[in-house]
Amino acid sequence: MQDKYLPADIERAAQQYWDDSAAFRVSADASRPKYYCLSMFPYPSGKLHMGHVRNYTIGDVLSRFHKMKGFNVLQPMGWDAFGLPAENAAIKNQVPPAKWTYDNIAYMKQQLKSLGFAIDWSRELATCTPEYYKWNQWIFLRMLEKGIAERKTQVVNWDPVDQTVLANEQVIDGRGWRTGAVVEKREIPGYYLKITDYADELLGDLDQLGGWPERVKLMQANWIGKSTGVRFAFKHDIADADNGGGPIGDGKLWVFTTRADTIMGVTFCAVAAEHPLALHAAKSNPGLAAFIEKCKHGSVMEADMATMEKEGLPTGLYVTHPLTGKQVEVWVGNYVLMSYGDGAVMGVPAHDERDFAFAKKYGIEIKQVIAPIQLVGITGTLQDKEQQLYWKGNTDDFSVDAWRPSYAEYGVLVNSGAYDGLSAAQAVDAIAADLAAQEVGEKKVQWRLRDWGISRQRYWGCPIPIIHCDSCGSVPVPDDQLPVVLPEDCVPDGSGNPLHKREDFLHVDCPKCGKPARRETDTMDTFVDSSWYYARYATTFGADKMVDDETNYWMTVDQYIGGIEHAILHLLYSRFWTKVMRDLGLVEYREPFAHLLTQGMVLNNAFFHKPEGGGKNYFWESEIDIQKDAKGQITGATLKKDGTVLEHELTTMSKSKNNGVDPQALIEQYGADTARFFMMFAAPPEQTLEWSDAGVEGAYRFLRRVWSFGHVFGSEIRPQIGVQRQLAGAKLPEALAAFRREIHLLLKQANYDLGKQQFNTVASATMKMLNALEKAPREGALAAEVIEECFGILLRVLSPLTPHISHALWAQLGYGDDILAAAWPEPLEAALVQDEVELMLQVNGKLRGSVRVAADAPKDTIEAVALTHEMTIKFLEGRPAKKVIVVPGRLVNIVG
RNA sequence: GCCCGGAUGGUGAAAUUGGUAAACACUGCGGACUUAAAAUCCGCCGCCGUAAGGCUUACGGGUUCAAGUCCCGUUCCGGGCACCA
């Protein structure tokens with residue numbers, strides 16, 4: 001064998017072997033347990049970045065590990081190929097998004113191949129191909145039939161200069177990214193999927209997802225946000241001529257609250273700018289009309305809504321409190337959303353932080369109605385069944401001067417008339433009952449989750465299969481005319497959807513009446529594409545069905561791996577989609593992903609400049625000079641060409657921020673095995689990783705040492721092994737036994753860590769194994785046999801991480817033909833036994849030394865040895881030992 | 001602002017889930033080999049102290065024989081917030 005480690009040759013040969021033997025091409029096989037290992041497919045942005053290498057190496061380690069454990073392993077790959085970056089590239093370079101996307105796919109596929117992933121490429125798919133997105137359209141039509149999809153209005157970011165809808169990402173500080181114009185909210189029609197119909201099931205089934213991280217389930221549960229509250233109405237007789245002179249909303253202003261216990265503290269109501277009461281009042285109030293107009297500016301993002309200055313204006317209208325009968329003034333608030341609940345809220349300044357700030361700002365009354373519980377008396381004794389506790393609310397600590405978080409806590413009702421002294425739960429029951437008696441309210445379950453708006457006013461996406469006819473309205477495209485194919489030669493210019501200018505796409509005859517009609521030009525949210533690709537991979541390739549029977553063999557996905565940034569939206573939409581497919585009779589399973597590994601983000605610094613008029617211009621690190629302090633912390637950055645001072649942020653690697661690090665240079669210089677090993681060694685998978693290539697050399701050095709040990713083993717050690725093997729049952733010399741024990745202990749730890757999916761310590765276990773192997777006794781047949789066994793263990797543990805070098809050494813050193821076919825190693829109990837153990841000796845919790853005892857020494861013996869230890873005597877300073885704690889196999893702590 | 005995470009030497013990190021803090025590496029320093037360089041190998045490397053020893057897991061409290069790990073409060077950093085994917 002070659003004495004130098006030449007990764008390029010080794011990797012080419014191994015990949016050739018896997019290709020020639022179709023090693024990763026799989027089909028359904030009921031005789032073996034299956035393992036469907038899926039990594040989130042990449043957006044084809046141009047080049048792989050380190051986040052991809054991390055994601056796909058994790059998937060590959062798990063795939064190869066399970067393959068060696070005897071599973072029928074499916075690991076597919078494809079492309080999340082529709083989306084905004086292709087349009088941005090088109091604007092910049094005048095290249096059609098289709099060409100840009102397909103070119104990127106070709107390049108990135110070759111990069112993935114060079115990393116040696118065990119992928120079944122025969123199942124590759126790209127979501128921008130008609131044979132894939134046809135089924136988006138097909139199932140969308142089924143959802144329309146079932147009433148799961150519907151058309152209603154949506155609020156979007158509108159750029160008044162470019163006359164186009166902006167994605168949230170394209171809105172920076174409330175302005176359009178290209179024009180710098182202040183963004184407006186605009187209502188337009190669009191299609192929605194009723195994910196809220198599945199809210200209960202999506203929440204309830206989280207309990208079935210034992211293989212998901214708790215934090216992801218918690219995030220999803222909070223997102224779905226089930227809350228039980230009370231929906232009730234304030235009565236009024238505000239009439240409007242446009243309403244035929246009748247009272248607006250039947251004379252009821254509906255609101256929803258989760259804190260009905262504070263209802264007696266209501267001192268105002270706030271409605272959204274688009275609320276009928278606001279519009280009514282604005283007719284005779286130019287100031288209010290102007291305020292309502294102003295509320296239309298700004299973005300639709302929740303984060304912006306939550307952090308903006310809360311402003312309001314009184315309408316001069318009053319409504320009647322249903323329980324006190326008092327008049328309550330109605331305000332218009334810029335923080336109240338028409339699209340959420342009834343577009344109105346009750347204001348309780350004393351017990352809600354936002355209402356408190358609003359009331360202070362506008363001089364609205366603040367009335368305390370909740371107070372901390374204070375015990376005022378007990379009758380009887382603890383044994384007395386008639387025992388009574390008496391309490392009241394303690395109002396001493398309340399002040400209207402400044403908000404305190406404790407004001408929002410649950411307590412006892414005060415200043416609430418008949419409800420005084422009730423707890424929150426009792427009060428909600430009593431108040432809901434009283435409201436119900438008047439028929440102006442009831443308990444209601446409210447969800448935070450909103451329906452999923454899938455219409456996008458963009459070109460590079462899946463066309464929504466609808467035809468608009470003047471006579472027949474919105475008509476679904478008949479199934480036999482699917483797919484509605486997206487023309488692939490358009491070049492967007494940033495000023496709206498280029499499909500509007502495509503006469504050949506636009507004009508079509510109405511399928512119902514045959515008259516000339518117009519195609520829908522909106523395309524689908526790209527989350528639609530990624531909501532079911534896992535099921536398509538598992539379907540017979542090219543099947544003329546959305547999914548076929550094979551999907552029921554492979555699904556559900558046994559292990560899903562992807563970035564934590566997808567914890568809510570993508571994963572929730574996929575779960576929803578699976579349930580819809582089940583209800584349409586397409587699949588048998590109800591959850592798509594059994595186990596989820598949420599990979600931590602790979603972060604890198606991004607450098608940007610904010611030009612006048614808004615937006616952020618990002619620069620590549622090669623374009624700038626970076627200033628650092630003595631500790632290596634970045635203190636500033638300037639643009640090389642003109643010295644412009646730049647800002648910087650630590651953030652996830654992305655195409656749009658020019659901060660992605662391409663792994664290509666790493667692979668070319670060191671090889672795929674080094675890149676993979678280093679990536680796994682750098683940090684545990686779930687942890688955020690700040691990118692740095694310091695340490696790549698170390699990984700490369702390690703693999704070189706593995707190779708040269710292999711060479712020494714093959715040429716000097718292995719030849720010592722006799723014809724008759726002697727290892728089984730042999731009594732080994734102490735040094736040899738200790739070495740063997742060390743390897744088997746490391747194997748035990750590595751297997752444990754693989755179970756925990758903590759691959760960085762698996763990598764360090766392999767390094768420790770090599771350190772031990774290099775120092776192991778080498779002379780004699782017995783030593784050679786032990787080394788053969790232990791090096792074989794190292795190669796197999798290493799193989800999921802660095803498959804190429806492991807493949808080459810395994811075959812060349814005669815361990816077998818194919819390491820993938822070898823059985824995964826398990827530690828031998830016989831190799832692990834130990835006569836003596838070392839226990840740490842603590843005196844009063846501080847480490848003072850250690851004691852060696854027989855592995856099976858009873859507690860008394862250990863105590864006796866510890867108590868007579870010189871350090872015990874020294875640090876007890878003559879005091880008697882009050883207590884001795886023995887933790888078997890670990891330590892002795894003497895308390896005195 | 002709200003929801004979810006994270007913070008350990010100069011650096012990436014480890015700690016078998018409450019029981020030796022810093023394993024394994026990177027960097028740096030010193031040495032061997034070499035005409036020389038590279039590669040390789042050996043040694044040292046948390047802070048204070050000559051030592052004995054003391055201190056140390058973002059910060060401040062608490063529980064415990066024992067806390068990086070559990071509880072309470074705070075700071076900073078990251079992810080998500082529904083049209084980036």
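Each chain gets a letter, A, B and so on, in the order its sequence line appears, and its residues count up from 1.
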How about NZ on A/Lys217, more than 12 heavy atoms from neighbouring residues, nucleotides or ligands closer than 6.0 Å, or not?
yes
How many whole angstroms separate atom OH of A/Tyr335 from atom P of B/C2?
16 Å
If we count only N and O atoms by modelled type, under 3.5 Å, do the side chains of A/Ser656 and A/Ser654 hold a donor and an acceptor together?
yes
Checking A/Asn605 against A/Trp691: is there a side-chain donor and acceptor pair closer than 3.5 Å?
no
Which nucleotides of nucleotides 51-63 of chain B have their base under 4.0 Å from a protein heavy atom (B), which only their sugar-phosphate (S), and which neither (-), written as one string 5' to 3'?
-SSSS--------
Give none if B/A36 has no partner; otherwise give the nucleotide forming a Watson-Crick or G-U wobble pair with it, both distances under 3.5 Å.
none
Expressed as a whole number of Å, how far does the P atom of B/G68 sit from that of B/G62?
15 Å
What is the distance, rounded to the nearest whole Å, between atom OH of A/Tyr5 and atom C1' of B/U40?
17 Å
Given the side-chain rings of A/Phe681 and A/Phe702, with only the six-membered ring counted for Trp, is the space between their centroids under 6.0 Å?
no
Counting primed atoms plus P, OP1 and OP2 as sugar-phosphate and everything else as base, spell out the protein contacts along nucleotides 23-30 of chain B at 4.0 Å heavy-atom distance: B, S or - for each nucleotide, 5' to 3'.
BBSSS---
What is the distance, rounded to the nearest whole Å, between atom CE of A/Met680 and atom P of B/A14?
13 Å
Measuring only the P atom in each nucleotide, how far is B/U57 from B/A7? A whole number of Å is fine.
14 Å
With P as the reference atom in both, quote the distance from B/C2 to B/G46 in angstrom, rounded to an integer.
42 Å
Looking at A/Arg54 and A/Glu686, does any basic side-chain N land under 4.0 Å from a carboxylate oxygen?
no
Atom C1', compared across B/C29 and B/C45: separation rounded to whole Å
8 Å
Run the salt-bridge test on A/Arg458 and A/Glu87 with the 4.0 Å N-O cut-off and return the result as yes or no.
no
Measuring only the P atom in each nucleotide, how far is B/U75 from B/A22? A whole number of Å is fine.
33 Å
Is it the case that the side chains of A/Tyr618 and A/Glu649 hold a donor-acceptor pair, with the cut-off being a distance below 3.5 Å and no angle test?
yes
Is there a Watson-Crick or G-U wobble partner for B/C76 with both distances under 3.5 Å, and which nucleotide is it?
B/G6
Regarding A/Thr761 and A/Asp753, is there a side-chain donor-to-acceptor distance under 3.5 Å anywhere?
yes
Both distances below 3.5 Å, Watson-Crick or wobble geometry, any strand: find the nucleotide opposite B/G68.
none
Does one side chain, of A/Arg178 or A/Gln170, offer a donor that lies under 3.5 Å from an acceptor on the other?
no
A correct 5'-to-3' footprint of nucleotides 75-85 of chain B, with B, S and - meaning base, sugar-phosphate only and no protein heavy atom under 4.0 Å, is ---SSSBBBSB
What contact category does A/Leu218 fall into here, base, sugar-phosphate, or nothing, at under 4.0 angstrom with non-hydrogen atoms?
sugar-phosphate
Between A/Ser530 and A/Asp80, is there a side-chain donor-acceptor contact under 3.5 Å, judged purely by atom types and distance?
no
Once you round it to whole Å, what is the distance between C1' of B/G1 and CG of A/Asp352?
12 Å
The answer to which of A/Leu847 and A/Asn893 contacts RNA chain B further toward the 5' end, by nearest nucleotide, is A/Leu847
Using the C1' atom on both, measure B/A67 against B/U56 and round to a whole Å.
14 Å
Taking pairing as Watson-Crick or G-U wobble with both contacts under 3.5 Å, can you name the mate of B/U63, or confirm there isn't one?
none
Distance between the C1' atoms of B/A21 and B/U40, in whole angstroms?
33 Å
Between A/Gln457 and A/Asn497, do the side chains contain an N or O donor and an N or O acceptor separated by less than 3.5 Å?
no
Quantified in whole Å, what is the C1' atom distance between nucleotide B/U64 and nucleotide B/A13?
28 Å
Scanning all shown strands, the Watson-Crick or wobble mate of B/C41 with both distances under 3.5 Å is B/G31
Hey, is the main chain of A/His49 close enough, under 3.5 Å, to the side chain of A/His52 for a donor-acceptor pair?
yes
Please classify the glycosidic conformation of B/G80 as syn (within 90° of 0) or anti (everything else).
anti
May I ask you to decide whether A/Lys152 forms a salt bridge with A/Asp451, counting only side-chain N to carboxylate O separations under 4.0 Å?
yes
Answer yes if the side chains of A/Thr164 and A/Asp159 hold a donor-acceptor pair under 3.5 Å, and no otherwise.
no
A/Tyr700 OH - B/A39 P separation (whole Å)
11 Å
Measure from CG on A/Leu689 to C1' on B/G6 and round the result to the nearest Å.
13 Å
CD of A/Glu690 versus P of B/G6: gap in Å, rounded?
17 Å
May I ask you to verify if any side-chain N or O of A/Gln842 is less than 4.0 angstrom from the OP1 or OP2 atom of B/U20?
no
Mate of B/U16 where both pairing distances stay under 3.5 Å, Watson-Crick or G-U
none
Round to a whole Å and report the spacing from CZ of A/Arg704 to C1' of B/C41.
13 Å
